[in-house]
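Right, one structure below, let's go through it.
Predicted model only: the values in this text are computed from it and were never measured. Every heavy atom of this structure was used, including side-chain atoms; hydrogens, water molecules and symmetry mates were not. So that the names make sense, note that chain A is the first sequence line, chain B the second, and so on, each numbered from 1.
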Amino acid sequence: MTTTLDKINTHYGYVFENELIEEINYVANLRKLNEGDAIISYGDTIKYMPLLIKGSIKVFREDEKGNEVLLYYLEKGDTCAMSLSCCLGNKKSTIQAVVEEESEVLLIPINYMNEWICKYETWKSFVFNSYNSRFDEMLKVIDSLAFMKMDERLLKHLNDKCMITGSFELSVNHRELALELNSSREVISRLLKKMELDGKIVLKRNLIVLNESEV
DNA sequence: ACATTAAGTGATT
DNA sequence: AATCACTTAATGT
């Protein structure tokens, strides 16, 4: 049986000093999350900061008209930059986080945020680095929205999904993909069909198999 | 066998 | 590239 402490150690052991790990172990709550769970919705007040142990989570942002944009994915070893900024400013969430794959997270009450930033150098740089890498990822999203065509975006998206799940087989339907890329189901279906004819992928119901040599 | 949901397609904007 | 209207195919009950 792996304890919570083991889990913290395997994923964050190299990042944090022992004292901090023990403190995390003491205050954090380990939670299992199922696929599709919305852990944070728009307007929620954030009370916990999530440290991802296992699985992946996708983070969306919604505009006034209800259009959603996929901002970034969180994987094990990541934390959510949004919750960081929410914690610091005590603001409400302007994002939605949905579990992509069954996950495990450590929930840390936000009052430790400030304390630890002063107390632990490693925590400070962890927070800082998280901000940095999320920022970079969001710049990529902006690039892709501004400059890439739908077919390129779709291909990239499929690749991203493969990276995250570590598999060439993706169980998704076209509607979901359309939602994630804020496109429409028909457009996605047509582009996928074209990719299949080009031999890049194989399409089944609720399943897309990527050709390894094309990735 | 029937209902439901996913995917494919042509036409229109 | 999006939307509509419709068809066809796969899957669940």
Side-chain angles (χ1 to χ4, degrees), chain A residues 31-44 50 52 54-76 78 80-82 92-105 133-215:
Chain A
R31 276 263 298 278
K32 261 189 184 293
L33 303 167
N34 295 316
E35 191 182 328
D37 285 357
I39 46 173
I40 297 168
S41 287
Y42 309 107
D44 283 2
L52 214 54
K54 187 186 136 198
S56 59
I57 290 173
K58 52 185 173 183
V59 176
F60 285 101
R61 167 137 175 95
E62 193 184 55
D63 72 3
E64 319 79 51
K65 289 167 205 122
N67 302 314
E68 286 193 323
V69 183
L70 180 62
L71 293 182
Y72 48 79
Y73 285 101
L74 299 175
E75 289 179 82
K76 55 178 181 293
D78 287 338
C80 176
M82 191 59 212
K92 289 190 171 166
S93 170
T94 51
I95 55 102
Q96 184 179 36
V98 178
V99 178
E100 168 97 351
E101 282 182 293
E102 187 184 290
S103 305
E104 278 179 25
V105 291
S133 56
R134 289 313 128 209
F135 194 81
D136 281 347
E137 280 195 54
M138 287 203 274
L139 285 181
K140 282 187 202 152
V141 172
I142 292 174
D143 282 347
S144 116
L145 284 174
F147 306 121
M148 284 167 74
K149 297 194 184 81
M150 200 60 232
D151 54 347
E152 293 173 305
R153 289 179 57 204
L154 176 60
L155 191 61
K156 183 181 176 303
H157 188 66
L158 292 176
N159 275 316
D160 285 352
K161 271 190 175 304
C162 282
M163 298 288 268
I164 280 161
T165 54
S167 156
F168 290 104
E169 300 196 354
L170 303 172
S171 11
V172 278
N173 59 42
H174 302 180
R175 211 209 55 177
E176 257 178 83
L177 289 173
L179 214 71
E180 287 166 354
L181 291 167
N182 46 5
S183 175
S184 58
R185 203 263 312 156
E186 295 92 320
V187 171
I188 297 297
S189 289
R190 286 183 171 121
L191 291 173
L192 286 172
K193 197 79 216 165
K194 205 186 295 166
M195 290 171 68
E196 187 179 36
L197 290 172
D198 289 345
K200 291 181 182 147
I201 56 174
V202 176
L203 296 174
K204 301 260 172 60
R205 184 183 240 240
N206 281 313
L207 185 76
I208 299 173
V209 184
L210 284 263
N211 181 345
E212 301 188 26
S213 58
E214 293 288 340
V215 183

Atom CD1 of A:Ile201 and atom C1' of B:dG8 are separated, to the nearest Å, by 14 Å
To the nearest angstrom, the NZ-P distance between A:Lys204 and C:dA9 comes to 17 Å
Closest to the side chain of A:Arg205, out of B:dA6, C:dA1, B:dT9, is B:dA6
Per side-chain contact (heavy atoms from CB on, under 4.5 Å), A:Val202 is matched among A:Leu207, A:Asn211, A:Val209 by A:Val209
Rounded to whole Å, CG of A:Leu177 lies from C1' of C:dA2 at a distance of 17 Å
Closest of C:dA1, C:dA5, C:dA2 to the A:Ser184 side chain is C:dA2
Any donor-acceptor pair under 3.5 Å from A:Asp198 side chain to A:Lys200 backbone: no
Between NZ of A:Lys193 and P of B:dT9 the distance, given in whole Å, is 6 Å
> A:Ser56 side chain to A:Glu75 main-chain N or O, any donor-acceptor pair under 3.5 Å?
Replying inline: no
Between A:Arg190 and A:Val172, the residue closer to the 5' end of DNA chain B by nearest nucleotide is A:Val172
Checking B:dA7, B:dT9, B:dG8 against the side chain of A:Asn173 (C-beta onward), the nearest is B:dA7
Here the distance between atom P of B:dT5 and atom CZ of A:Arg175, to the nearest Å, is 11 Å
Between CG of A:Leu181 and P of C:dA1 the distance, given in whole Å, is 11 Å
- Look at the side-chain N and O atoms of A:Ser183 and state whether any lies under 4.0 Å from the OP1 or OP2 oxygen of C:dA2. yes
**Message:** It should be established whether A:His174 places a side-chain nitrogen or oxygen under 4.0 Å from OP1 or OP2 of nucleotide B:dA7.
**Reply:** yes
To the nearest angstrom, the CG-C1' distance between A:Leu179 and C:dA1 comes to 16 Å
Of all heavy-atom pairs linking A:Ser184 and A:Ala178, the shortest is C-CB, 3.5 Å
Separation of B:dG8 atom C1' from A:Leu191 atom CG, nearest Å, is 13 Å
Given 3.5 Å as the limit, does a donor-acceptor pair link the side chain of A:Glu196 with the main chain of A:Leu203, or not? yes
